[in-house]
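Below: the structure, in structure tokens.
Counting from 1, the numbers follow the sequence of the chain as shown.
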Amino acid sequence: MAEERHDEAVEALLHEDRSFAPSDTFVAQANVGPDVYAAAAADPEAWWAEQARALEWDTPFTSVLEWEAPFARWFADGTLNASVNCLDRHVAAGRGDKVALHWVGEPEGDRLDITYAELLERTCRAANALEALGVEAGDRVAIYMPMIPEAVVAMLACARIGAPHSVIFGGFSAEALADRITDADARVVITADGGFRRGAASGLKVEVDAALELCPAVTTSLVVRRTGQEVEWVEGRDVWWHDVVDAQAPIHEAKAFPAEHPLYIMYTSGTTAKPKGIFHTTGGYLTHTSTTHRMVFDIKPESDVCWTSADIGWVTGHSYIVYGPLANGVTQVMYEGTPDAGGKDRWWRIIDEYKVTILYTAPTAIRTFMKWGAELPAGHDLSSLRLLGSVGEPINPEAWMWYRKHIGGDRCPIVDTWWQTETGGIMITPLPGVTATKPGAAMVPFPGISAEVVDNDGAPVPDGHGGLLVITRPWPGMLRGIWGDPERYAETYWSKFDGLYFAGDGAKKDDDGDLWLLGRVDDVMNVSGHRLSTAEVEHAIVGHPAVAEAAVVGASDDTTGQAIVAFVTLTSSSELHGEDDTEIIASIRAHVADAISPIAKPRQVILTPDLPKTRSGKIMRRLLRDVAENRDLGDVTTLTDPTVVKMIDGLMAAHAEDD
Ligand code: WTA
């Protein structure tokens, strides 16, 4: 299990006395005081209800939580509209001229400031267009777009008319896209001709075209012109955004929907080959994301400029670019491209230019910046920053300290926020101005959230010990299920321990009882903050005609957190072909990129005549992970053929230079 594997590194830290007390500046001006924890703990439901009342409800709720484990309903008799909460109410309150998005395209000079009034107008036009195309409340709409303002508009327009969106990360292949469109049974796809990444225009519509050959039920694809590249056109199915959206009226009367109306589906990887459609509903999700955004980032809507560097295709983009920040009416930076486009100091230039106050990013990015060198951020004025956040994977203490010193000027608190697609919003985090911070620790559950670290029997471990992370009470932003598969939902999250949500992560409590997240304990990998399942990648690899069997593991990697290593036997396994191997390996990697996404391409493919298995025929993944990480192999007596291991080990060394 993962927590065993981290023992040495973490053990030292757990007992190390290195903690940063909240600074006086933060204490003096923080949104919340230390009593927030006690207030929430005294009556969590009442506390969440109070937070929910900060939203605009058409029908105020009287019921807070209905809990028939594992199915929760929050604020169920209330009605509201998510898009109205993110847009109309700010405009109605006289803040229409405030900038909602400072959008920065990847090509230099390509930028646009969009106010709340403008974002509302664009959203109304898009909502009218979707209705004109026949989309009704409850219909699913797939969104496959680059990081452009229309992506936010498309999401909010869907929310406005009660059509759950399913945003699919633009890096996914046509095949992966088709699987998700089919599972959600979406009839309309919103996309763009392409986007800009690494200085070049990539194609998106071309992927949609290929996907739609597998999805005959899709009637319409609505296409934004972003790059101007040539695209194929299917008459009667494809329509340009600038033709159908721009022609619509800028006003759209929004209807309120019940709090439990589905807001979106987000596909994520689990332990099987089939991605899970995690779905979230409206009232609880909006309450959770807006409350956590306001408190964890200590938001001052009048003066803050927030930048969440995630892609809109992942949950972090949903919760902390779209719903949380817009519900709170803040100004944000939204950047289309990669961190090195136009120079490796691109981010620092953006922060300086827009006077960004809050930066929320992933450890992978921080480690990349460390490699690029501290001179780059040092060459820019980053003094506008006042708070830094981290999300997506465990942050190693070195990266945390570098982030604090070189980006935060030793003055900005760092919030290491643990959460998941399933949790909807932040669950474990320090509160700036209230909680101390420690490099590498996510610290404590957010107010109103109850988490524990338990042993294999579900009993809480004492301080100073490790185990499995569980959430012990329902929370407003929790997933309401897996789209179309309630049994899988109950089985995946609620069957390991009776009445407890099992997150799939290992964790430790240090001597002070503070929480350290240690990574997944299941077969989910975390590569550069992207979540991928070993089974999904294995499934893709065995789809290659030359492959008989595959075992995939996530091995530690200094930059990406984990990296994918695949052990593969070929159909004619007796012959490992020497020089030809390079070609086969390249073709297996390309095959995975086509079947899932370039992000799922194994860092290494190791060809082997056999895979190590237990007597019952189970592939010994832990051992393969040890091999992949060059660790001591320990006891291998349960292998059907112990020599296989030595052989794999030898191969591993031989292929160590491969990429
Ligand atoms: C991992 C991303 C340690 C964890 C929001 C979790 C983290 C998975 C942290 C969810 C963190 C996320 N410290 N690990 N601060 N944040 N994780 O669904 O393993 O893409 O289960 O959601 O990322 O990934 P997901």
Side-chain angles (χ1 to χ4, degrees), residues 105-106 140-148 150-152 154-155 158 165-242 264-269 273-275 277 310-314 317 336-338 527-528 530-532 536-537 539-541 543-544 587 589-601:
E106 195 188 86
R140 277 79 61 206
V141 174
I143 298 179
Y144 182 69
M145 290 177 95
M147 285 287 287
I148 54 176
E150 285 85 350
V152 177
M155 289 167 73
C158 287
H165 52 71
S166 178
V167 183
I168 298 139
F169 173 57
F172 276 119
S173 67
E175 211 176 310
L177 177 59
D179 287 348
R180 288 158 177 77
I181 292 173
T182 304
D183 190 82
D185 193 17
R187 306 299 169 91
V188 171
V189 180
I190 309 179
T191 187
D193 52 357
F196 289 102
R197 269 192 100 68
R198 300 221 151 76
S202 66
L204 287 173
K205 176 152 194 314
V206 62
E207 301 294 331
V208 172
D209 290 342
L212 294 193
E213 286 184 16
L214 307 168
C215 307
V218 170
T219 56
T220 310
S221 101
L222 176 57
V223 188
V224 175
R225 179 141 62 204
R226 164 70 185 123
T227 65
Q229 65 191 277
E230 287 280 311
V231 289
E232 303 272 309
W233 207 252
V234 177
E235 283 308 326
R237 185 196 73 188
D238 299 344
V239 288
W240 284 114
W241 178 282
H242 53 257
Y264 70 81
I265 307 172
M266 169 101 252
Y267 284 86
T268 188
S269 296
K274 188 174 150 41
D311 192 281
I312 217 102
W314 304 113
E336 177 184 33
T338 54
V527 181
S528 296
H530 300 310
R531 207 169 135 175
L532 293 157
E536 199 177 352
V537 180
H539 183 77
I541 294 176
H544 187 287
S587 117
R589 295 179 76 235
H591 184 79
V592 175
D594 279 349
I596 307 174
S597 161
I599 59 175
K601 267 205 289 201

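Between Lys205 and Tyr144 the shortest side-chain heavy-atom distance does not fall below 4.5 Å. The shortest side-chain heavy-atom distance between Ser528 and Ile599 does not fall under the 4.5 Å cut-off.
With sequence neighbours excluded, no residue forms a ring pair (Phe, Tyr, Trp, His ring centres under 6.0 Å) with Tyr267. Contacts of Glu207 classified as side-chain hydrogen bond (donor to acceptor under 3.5 Å, both in side chains), with partners at least two apart in sequence or in another chain: none. Taking the side chain to side chain contact (heavy atoms under 4.5 Å, CB included) definition, one finds that Ala186 meets it with Arg140, Ala142, Ile181, sequence neighbours left out. The ring pair (Phe, Tyr, Trp, His ring centres under 6.0 Å) search around Trp241 returns none, not counting sequence neighbours. Scored by the side chain to side chain contact (heavy atoms under 4.5 Å, CB included) test, Val206 finds no partners at all (sequence neighbours excluded). Checked against salt bridge (Lys or Arg N to Asp or Glu O under 4.0 Å), Arg225 has no partners two or more places apart in sequence or in another chain. Partners of Asp183 according to the salt bridge (Lys or Arg N to Asp or Glu O under 4.0 Å) rule, which considers only residues two or more places apart in sequence or in another chain, are Lys274. Listed by chain and number, the residues in a side-chain hydrogen bond (donor to acceptor under 3.5 Å, both in side chains) with Thr268 are Arg531 (sequence neighbours excluded). In this view, His591 and His544 satisfy the ring pair (Phe, Tyr, Trp, His ring centres under 6.0 Å) rule, not counting sequence neighbours. The salt bridge (Lys or Arg N to Asp or Glu O under 4.0 Å) search around Glu336 returns Arg226, not counting sequence neighbours.
With Gln229 contributing its side chain and Ser202 its backbone, the two residues share a donor-acceptor pair below 3.5 Å. With hydrogens and angles disregarded, no donor-acceptor distance shorter than 3.5 Å links the side chain of Glu536 to the backbone of Ser269.
Taking the charged nitrogens against the carboxylate oxygens, Asp594 and Lys601 have no contact shorter than 4.0 Å, which rules out a salt bridge.
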Donor-acceptor pairs under 3.5 angstrom involving side-chain atoms of residues 216-223: please list them, not counting sequence neighbours.
| unit_1 | atom_1 | unit_2 | atom_2 | d |
| --- | --- | --- | --- | --- |
| Thr219 | OG1 | Arg187 | O | 3.3 |
| Ser221 | OG | Asp238 | OD1 | 3.0 |

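Screening residues 190-239 for ring pair (Phe, Tyr, Trp, His ring centres under 6.0 Å) gives Trp233-Trp240 as the qualifying pairs, with residues at least two apart or on separate chains.
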